[in-house]
Amino acid sequence: MSRPTDDDLIDAWRAQPAPLLPLLHAFHDRDGFVSDAAIRAIARGLRLPLADLFGTVTFYHHLSRVPGGKRKPRVCDGPVCRMRGYTELSASLPGATPMPCAGRCDGPIPVLQEDSVLVGTSKDALTEAPSPLPPAYPGQGTECVFANIREPDRATLDGYRRTGGYVALETAQKRGAGFVLRTITKSGLAGRGGAGFPTGRKWQAVADAEGTPKTIVCNADEGEPGCFKDRALMDHDPHALVEGMAIAALATGASRGFIYLRYEYPQTIPILQQAIDDAKAAGLLEGFDLMIRRGAGAYVCGEETSLLNSLEGKHPFPRNRPPYPVTHGYEDKPTVVNNVETLCAVAPILVQGADWYQGLGLGEHAGTKVISLSGDVLRPGNYEVPIGLPLQTLIDEWAGGVPGGRTVQAATMAGLSGGFVAKDDLSVTLDEPALRAKGSFLGAGGIMVFDDSRDMVEVSRQAMHFFADESCGKCFPCRIGTQRLTERLTQGEHGAGPKGLPQWTDEVRDIGDTMKATSACGLGVAAPLITDSLLRYFPDQVERHVAATSQPEDQA
Ligand SMILES: Cc1cc2nc3c(=O)[nH]c(=O)nc-3n(C[C@H](O)[C@H](O)[C@H](O)COP(=O)(O)O)c2cc1C
Ligand code: SF4
């Protein structure tokens, strides 16, 4: 096949919905990088201001701007991969650059090269990345989104139908939008992407909103370090997501849908595309135009309004709210943005009922949550737990405890965004009220475990460095605060000042409080939970760190 020209590429995408990202990928794939000439051609073709487009392209991590850049290996430097030997692996791969957590914390270190994902811990032993099924269910309760995921051929249309697939969509078509909205609202299903907003209320708001076309956006950006559940759902149960989105469209009157998939999951693209094509061919998506859009590498694009800007081809800053996406979302029209796990829960709830779903939680809690568990545990993986399960039960009984006879020193919550829980608080139950009482939250459900040999100041430094790198820079306190906190956590780089610990602590608290009070999105609000929890649980480690970095009075 001959090499497509600039005009071929632009003509193929210009009239499509949300064309910028696919067009950037088309040039990136063709040339191995995004050249100045490509940016100029795209700006002309899509009538975008050149300076804006230049700023947008350079914002994304994975769009290389140097010839051959797409071929260079990118090695995951997330918290768990750092414990597994990121530094050595990266040093052994010529031209390697770090990439933030690539969503594979339950296996060896991932390396992204072109559109392949390899895994391994040494240069000569890299193999194609597997996508592990969730471990056999070890609990006493009942699963919702994972209940059928281990069935043979579940990812195919036939296999999905054989195990109850698309019955919920049929029921929704027969009984109508009102039935769907009532059932989802009554079930207590809340967003599984981080913020926990009630799904029924979100859908009702879009159903009630004026303006068409309405849009369903699936947030498959999964950029939170320590989270890898959405990938498992999409790889092994793609029709569950397609069915959930089709039901959301029916309930709200939406006629188009996007799955915004993170760049780091290239193997998931053909799986999802096949599911969409097969569902379309079977007449299951009448009146609902469902498309995949691949992200380009930016954690903040998981924030729903940043994601919408990214889809629209704008600079992916989060938007100021209100107005909210339910009334002013994609192209300013009513839009549902839901996480993969949230959407995958919809069909089982419609089939088995709101009361069934409610009853899956422990005590007064409704439903289940998939936890991506990794780090210092014997059996890392995705576990669907009843909401309210004790953390210690998950770690010790479900995941086999900590290897090497060690004990748990700390566990992160919400990936990194919830900071740490440690000491007596390790007895906490996995539900939002209990975790919020400890100054944390469950969020998207990533939990990374650190044993008693780990340096928690260094873990905190890596976490804050991630937030600093990923801050979009729109708000001054977040942009500068994440940098200043990273410096204060860095061994030997910046002194704690002549007053030592009290001054260090005051400054760290002050920066964190300012960020929490003034940041426009969850990144800047959550990042200080790392330093808050470090100070709360590990004052001894902080004291040693500050003593090692403090300048003596006469040198200050
Ligand atoms: C910095 C940041 C990153 C986020 N990343 C994701 C993500 O990768 N996936 C996701 O579903 N939600 C993410 N969220 C939450 C979304 O903004 C939004 O609440 C969610 O997609 C709504 O879907 P849900 O109600 O089904 O959870 C992120 C939020 C913030 C502040
Ligand atoms: S809080 Fe940080 S990441 Fe969020 S909008 Fe402000 S600068 Fe960007």
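In listed order, ligands and their atoms are each counted from 1. Values below: all heavy atoms of this structure, side chains included; hydrogens, waters and symmetry mates excluded.
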Stepwise, does the side-chain contact (heavy atoms from CB on, under 4.5 Å) test hold for Asp237 with Cys344?
CA-CA 9 Å; Asp237 211 355; Cys344 287; 5.8 Å; no
In ligand 1, which numbered atoms sit nearer than 4.0 Å to a non-hydrogen atom of Ala195?
19 (O)
Measure the acute angle between the ring planes of His239 and Tyr166, then classify it against the limits of 30° and 60° as parallel, tilted or perpendicular.
perpendicular
Do the side chain of Arg293 and the main chain of Pro17 share a donor and acceptor less than 3.5 angstrom apart?
yes
Salt bridge check: are Lys314 and Glu312 linked by an N-O gap of less than 4.0 Å?
yes
How close does the nearest protein non-hydrogen atom get to atom 24 (P) of ligand 1, and which residue and atom is it?
Gly191 CA, 3.4 Å
Proximity flag Glu470 to ligand 1, non-hydrogen atoms under 4.0 Å
no
Where ligand 1 meets Asn338 - atom numbers and elements under 4.0 angstrom, heavy-atom basis:
23 (O), 24 (P), 25 (O), 26 (O)
At under 4.0 Å between heavy atoms, what of Glu304 touches ligand 1? The answer is both
With a 4.0 Å cut-off, would you call Lys369 and Glu341 a salt bridge?
yes
Look at atom 14 (N) of ligand 1 and say which protein heavy atom is nearest, naming residue and atom and giving the distance to 0.1 Å.
Gly302 O, 3.2 Å
Can you list the ligand 2 atoms lying under 4.0 Å from a non-hydrogen atom of Gly473?
7 (S), 8 (Fe)
Under 3.5 Å, is there a donor-acceptor pair linking the side chains of Arg231 and Thr268?
no
Do the two ring centres, one from Tyr263 and one from Tyr60, sit under 6.0 Å apart?
no
With 2.8 Å as the threshold, which protein atoms of type N, O or S lie near atom 4 (Fe) of ligand 2? Leave waters out.
Cys521 SG
Should the proximity of Arg192 to ligand 1, defined as any heavy atom under 4.0 Å, be assigned to the side chain, the backbone, both, or neither?
backbone
Regarding Thr97 and Arg74, is there a side-chain donor-to-acceptor distance under 3.5 Å anywhere?
no
Any salt bridge between Asp115 and Lys70, counting N to O under 4.0 Å?
yes
For the pair Arg321 and Glu303, find out whether any cationic side-chain nitrogen is under 4.0 Å from an anionic carboxylate oxygen.
yes
Please confirm whether the ring centroid of Tyr330 lies under 6.0 Å from the ring centroid of Phe258.
yes
Once you restrict to heavy atoms under 4.0 Å, what part of Thr342 touches ligand 1? Side chain, backbone, both or neither.
side chain
Atom indices of ligand 1 within 4.0 angstrom of Gly223 heavy atoms, with elements:
8 (O)
Against heavy atoms of Asp221, which atoms of ligand 1 measure under 4.0 Å?
8 (O)
